[in-house]
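Following: one structure in structure tokens, then a few remarks.
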Amino acid sequence: MYIPRLHPDTIEEVKQRADIYDVVSEHIVLRKRGKDYVGLCPFHSEKSPSFTVSQTKQMYHCFGCQTGGNVIKFLMDLEKRSFSEVVLDLARRYQVSVTTLEPEQRQELQRQLSLREQLYEVLATAERFYQHALKHSADNALQYLQSQRQLREETIQMFGIGYAPAGWETLYRYLVEDKRYPVQLVEKAGLIKPRKEAGGYYDVFRDRIMIPIHDVLGRVIAFGGRSLGDEQPKYLNSPETEVFIKGKTLFALDKAKAAISQSDSAVVVEGYFDAIALHAVGITNVVASLGTALSLEQVRQVLRYTESKQLILNFDADKAGNIAAERAIGEIADLAYKGEVQLKILNIPDGKDADEYLHAHQPEDYRQLLTNAPLWLNWQIQRIIQDRDLKQATDFQQVSQQLVKLMKNITNNDTRNYYVSYCAEILSLGDARLISLRVENLLTQIAPERGSREKSYQTPLAKTKSDHLSSAPTNKRSLLEQAEALLLWIYLHFPEQRQAITEALEERDLQFSLSHHRFLWQQILEIPSGGIDDNLISTVQDKCVESEEEMALVLHLFHLNEKIKQETLRTPQVIQAAIACMERVLREKRYRHFLELWETTDPEAEPQQWQSYYEAFYNEKMQLQELDRLRLFSITDLL
């Protein structure tokens with residue numbers, strides 16, 4: 001449509017009301033970091049998030065491609081639309097009154113904008129009509145809700161549940177003839193349809209329990225109808241309209257968003273009544289899909305309310321439920337493979353849905369099921385090995401192939417790292433001597449070319465040679481190099497942390513592995529304590545003025561960029577993670593040493609020695625796992 005020039009007051013009010021986090025989080029997954037939020041930039045391809053959103057400044061900036069601006073510019077660049085189109089859409093969304101600089105065009109613009117408001121009004125009127133019909137003329141419908149669904153009156157009222165009478169034109173007569181709404185408007189609201197032959201209109205919903213669908217602001221935008229008789233389909237949704245897009249809507253999100261934020265997790269169920277039943281017993285961080293695969297828009301809507309990005313899908317435990325779960329996952333699989341969402345699967349025993357389960361169990365039982373719900377990747381692995389005998393060659397081969405296929409989809413290195421080890425232990429059938437072999441076999445199939453495997457992946461139990469770490473290019477530094485650099489950065493710029501770093505290195509007998517880092521550390525150690533306390537950076541630079549080649553490799557450590565300044569405010573955690581990375585290299589060598597001794601020792605000839613080596617390498621393995629836990633404070637996010 002033609003958009004006349006907008007008045008500066010309108011533009012300014014849109015800027016004031018539109019929240020950049022709300023808008024951006026609909027398009028990318030954001031995680032809280034300090035006062036701001038970070039995510040993967042939508043304007044260029046990247047694996048580590050460099051896109052930052054500041055709610056306090058109402059600005060965004062990408063450190064990767066250097067794009068940035070306010071909420072209007074974000075939508076202009078993302079959707080390739082004009083300034084006026086974006087401002088107008090934001091004005092609709094945030095209910096800003098639109099004023100133009102061309103009064104003669106204002107009436108037409110206001111008419112177009114008012115259509116949505118009129119649709120909200122007619123849908124709200126239809127909701128009240130259905131509620132009245134339930135109370136005064138639908139004993140069978142009320143009995144169905146109270147007896148079969150076991151809903152209390154307060155729950156019925158909270159969700160605005162009503163009843164559509166069985167007549168073909170009951171709602172039509174009420175809205176068009178009694179309330180005098182234009183018939184075209186009622187049709188655009190998805191409530192009536194034109195007859196094909198005889199002329200006139202008929203009601204879309206007849207003899208159905210009516211469940212209003214609200215947007216996140218609580219406005220009625222559509223209905224879901226459940227038939228009471230034999231009419232098919234059993235469940236019928238409103239058609240898509242100007243205010244309702246099925247793939248962008250989650251049932252009960254308006255009622256669940258506060259609980260999702262409080263619990264830091266969201267539960268997605270299949271049906272309206274599943275969500276209603278759970279809310280009725282106090283489990284209120286629950287939304288329902290509308291019978292389609294979850295879209296990225298739906299997932300991003302719900303994830304904006306949870307900092308940990310934890311999403312639990314609850315579907316029936318039978319075969320149909322498993323198929324429904326796979327279908328529902330839809331587009332969010334990539335987010336899970338990337339590690340951007342903690343996706344879990346809850347299958348209720350005996351093929352029950354949440355509503356049925358609560359009829360025979362206590363709410364606390366359901367909460368326990370939520371607590372025990374496995375991660376989606378674990379759920380897939382369990383389905384792969386279910387009813388398989390891994391001692392049989394055919395089953396072993398098929399399971400291995402399916403596990404490899406699954407792990408090839410995992411693009412997050414840390415996640416793949418974990419699951420290669422996890423699957424190797426499964427395939428080892430309890431024989432610890434086979435774990436390293438299984439890891440190597442899995443790696444070979446996941447990344448057949450050794451070079452690509454070394455660049456992209458390392459496992460806790462089968463790590464590539466450490467010389468790879470020191471040869472990584474500068475723009476793709478290894479975790480070890482980044483860890484050492486961080487320690488030196490902190491030591492140089494934060495005097496209060498120097499003793500902690502020195503003690504941590506000495507306690508674990510750790511040395512800097514990379515030659516240029518060893519060089520810098522040696523220069524620091526040679527400086528008398530007085531020089532260190534006074535002005536370490538200047539002293540080191542003066543001391544090494546003739547060592548140009550070595551200093552060129554560490555010169556960047558003498559400066560702090562803005563990101564490092566922010567992140568090193570958490571210096572105790574950074575030091576812990578960096579020390580863990582360095583210690584891991586030492587522990588890995590010890591692990592391999594004892595494992596090799598154990599594998600080459602005859603347990604029958606030297607049982608005590610064999611047992612001693614086993615305990616030694618197993619202890620190192622446990623230490624490695626603990627170090628991996630400490631390294632979950634991501635070094636790569638700090639640089």
Side-chain angles (χ1 to χ4, degrees), residues 11-81 83 85-87 89-94 96 216-217 248 250 253 257-258 260-262 264-266 295-311 331-332 334-336 338-342 412 561-570 573 633-634 636-639:
I11 298 171
E12 188 59 32
E13 189 172 357
V14 165
K15 290 180 181 178
Q16 292 296 324
R17 289 203 195 179
D19 183 79
I20 193 165
Y21 172 78
D22 287 346
V23 173
V24 174
S25 63
E26 291 181 351
H27 299 278
I28 66 173
V29 175
L30 294 174
R31 294 180 183 273
K32 185 114 173 130
R33 180 180 290 169
K35 292 194 237 177
D36 299 331
Y37 296 85
V38 297
L40 296 177
C41 180
F43 301 113
H44 78 284
S45 178
E46 63 178 3
K47 294 182 179 179
S48 298
S50 62
F51 187 87
T52 302
V53 174
S54 171
Q55 260 188 314
T56 54
K57 298 177 182 177
Q58 287 296 304
M59 300 288 287
Y60 72 93
H61 178 75
C62 177
F63 291 93
C65 63
Q66 302 304 314
T67 186
N70 60 17
V71 64
I72 297 174
K73 186 173 185 300
F74 175 80
L75 290 175
M76 288 175 62
D77 292 345
L78 186 70
E79 300 175 351
K80 309 301 181 188
R81 295 193 297 161
F83 176 85
E85 287 177 318
V86 170
V87 172
D89 274 356
L90 289 173
R92 289 171 179 162
R93 171 171 176 168
Y94 290 95
V96 174
V216 73
L217 299 178
K248 294 184 178 181
L250 286 167
L253 182 57
K257 58 185 180 181
I260 291 172
S261 295
Q262 186 175 4
D264 199 22
S265 65
S295 67
L296 287 178
E297 289 86 352
Q298 289 173 313
V299 172
R300 284 167 178 154
Q301 275 189 59
V302 73
L303 288 183
R304 64 197 284 192
Y305 299 105
T306 162
E307 185 176 338
S308 67
K309 310 304 177 190
Q310 183 176 155
L311 191 65
E331 299 177 8
I332 65 174
D334 285 342
L335 296 180
K338 292 176 183 177
E340 294 180 27
V341 57
Q342 293 186 54
N412 182 283
N561 60 39
E562 285 301 317
K563 190 172 185 183
I564 290 294
K565 286 180 182 178
Q566 295 173 8
E567 294 298 346
T568 47
L569 293 176
R570 300 180 287 171
Q573 299 98 311
F633 184 87
S634 179
T636 55
D637 287 343
L638 302 177
L639 296 175

Trace of the side-chain contact (heavy atoms from CB on, under 4.5 Å) decision for Lys15 with Val71 = CA-CA 8 Å; Lys15 290 180 181 178; Val71 64; 5.8 Å; no
Closest approach of Glu79 to His27 (non-hydrogen atoms, all atoms of both residues) = OE2-CE1, 3.6 Å
Taking only Lys NZ, Arg NE, NH1 and NH2, and the carboxylate oxygens of Asp or Glu, determine whether Arg92 and Asp89 approach each other closer than 4.0 Å.
-> yes
Under 3.5 Å donor-acceptor, Ser308 side chain and Asp264 backbone | yes
From Thr56 OG1 over to Asp36 CG, what is the distance, rounded to the nearest 0.5 angstrom?
-> 6.0 Å
When rounded to the nearest 0.5 angstrom, what distance separates CG in Leu30 from CD in Glu340?
-> 10.0 Å
Passes side-chain contact (heavy atoms from CB on, under 4.5 Å), Ile260 versus Val302? Steps please.
-> CA-CA 8 Å; Ile260 291 172; Val302 73; 3.6 Å; yes
Smallest heavy-atom separation, Lys73 atom then Asp77 atom, equals NZ-OD2, 2.7 Å
Between Phe74 and Tyr60, what is the ring plane arrangement, given parallel below 30°, perpendicular above 60°, and tilted in between?
-> perpendicular
Got a sec: does the NZ of Lys57 have more than 12 other heavy atoms crowding it under 6.0 Å?
-> no
Please report the shortest heavy-atom distance between Arg300 and Ser25, naming the atom on each side.
-> CB-O, 3.2 Å
When rounded to the nearest 0.5 angstrom, what distance separates CG in Leu75 from CD1 in Ile20?
-> 9.0 Å
Closest approach of Gly39 and Glu46, non-hydrogen atoms and distance?
-> O-OE2, 3.7 Å
Of all heavy-atom pairs linking Lys257 and Val216, the shortest is NZ-O, 3.0 Å
From Ile332 atom CD1 to Gln298 atom CD, the distance as rounded to the nearest 0.5 Å = 9.5 Å
Under 3.5 Å, side chain of Ser261 to main-chain N/O of Tyr305, donor-acceptor pair present?
-> yes
Between Asp334 and Lys338, is there a side-chain N and carboxylate O pair less than 4.0 Å apart?
-> no
Look at the side chain of Arg17 and the backbone N and O of Tyr94, then say whether any donor-acceptor pair between them is shorter than 3.5 Å.
-> yes
Look up atom OG in Ser50 and atom CG in Leu40, then write down how far apart they are to the nearest 0.5 Å.
-> 8.0 Å
Kindly indicate whether the side chain of Leu303, heavy atoms from C-beta on, has any atom under 4.5 Å from the side chain of Val341.
-> yes
Does Lys248 offer a backbone N or O that forms a donor-acceptor pair with the side chain of Gln301 under 3.5 Å?
-> yes
Check Phe51 against Val53 and note the closest heavy-atom contact, atom names and distance.
-> CE2-CG2, 3.6 Å
Could you give the distance from CD (Glu13) to CG (Leu90), rounded to the nearest 0.5 Å?
-> 12.5 Å
Are the side chains of Pro49 and Arg31 in touch, meaning some heavy atoms are under 4.5 Å apart?
-> no
Could you walk me through whether Lys309 and Leu335 pass side-chain contact (heavy atoms from CB on, under 4.5 Å), step by step?
-> CA-CA 10 Å; Lys309 310 304 177 190; Leu335 296 180; over 6 Å; no
Indicate whether any N or O donor in one side chain lies under 3.5 Å from an N or O acceptor in the other, for Asn70 and Gln58.
-> no
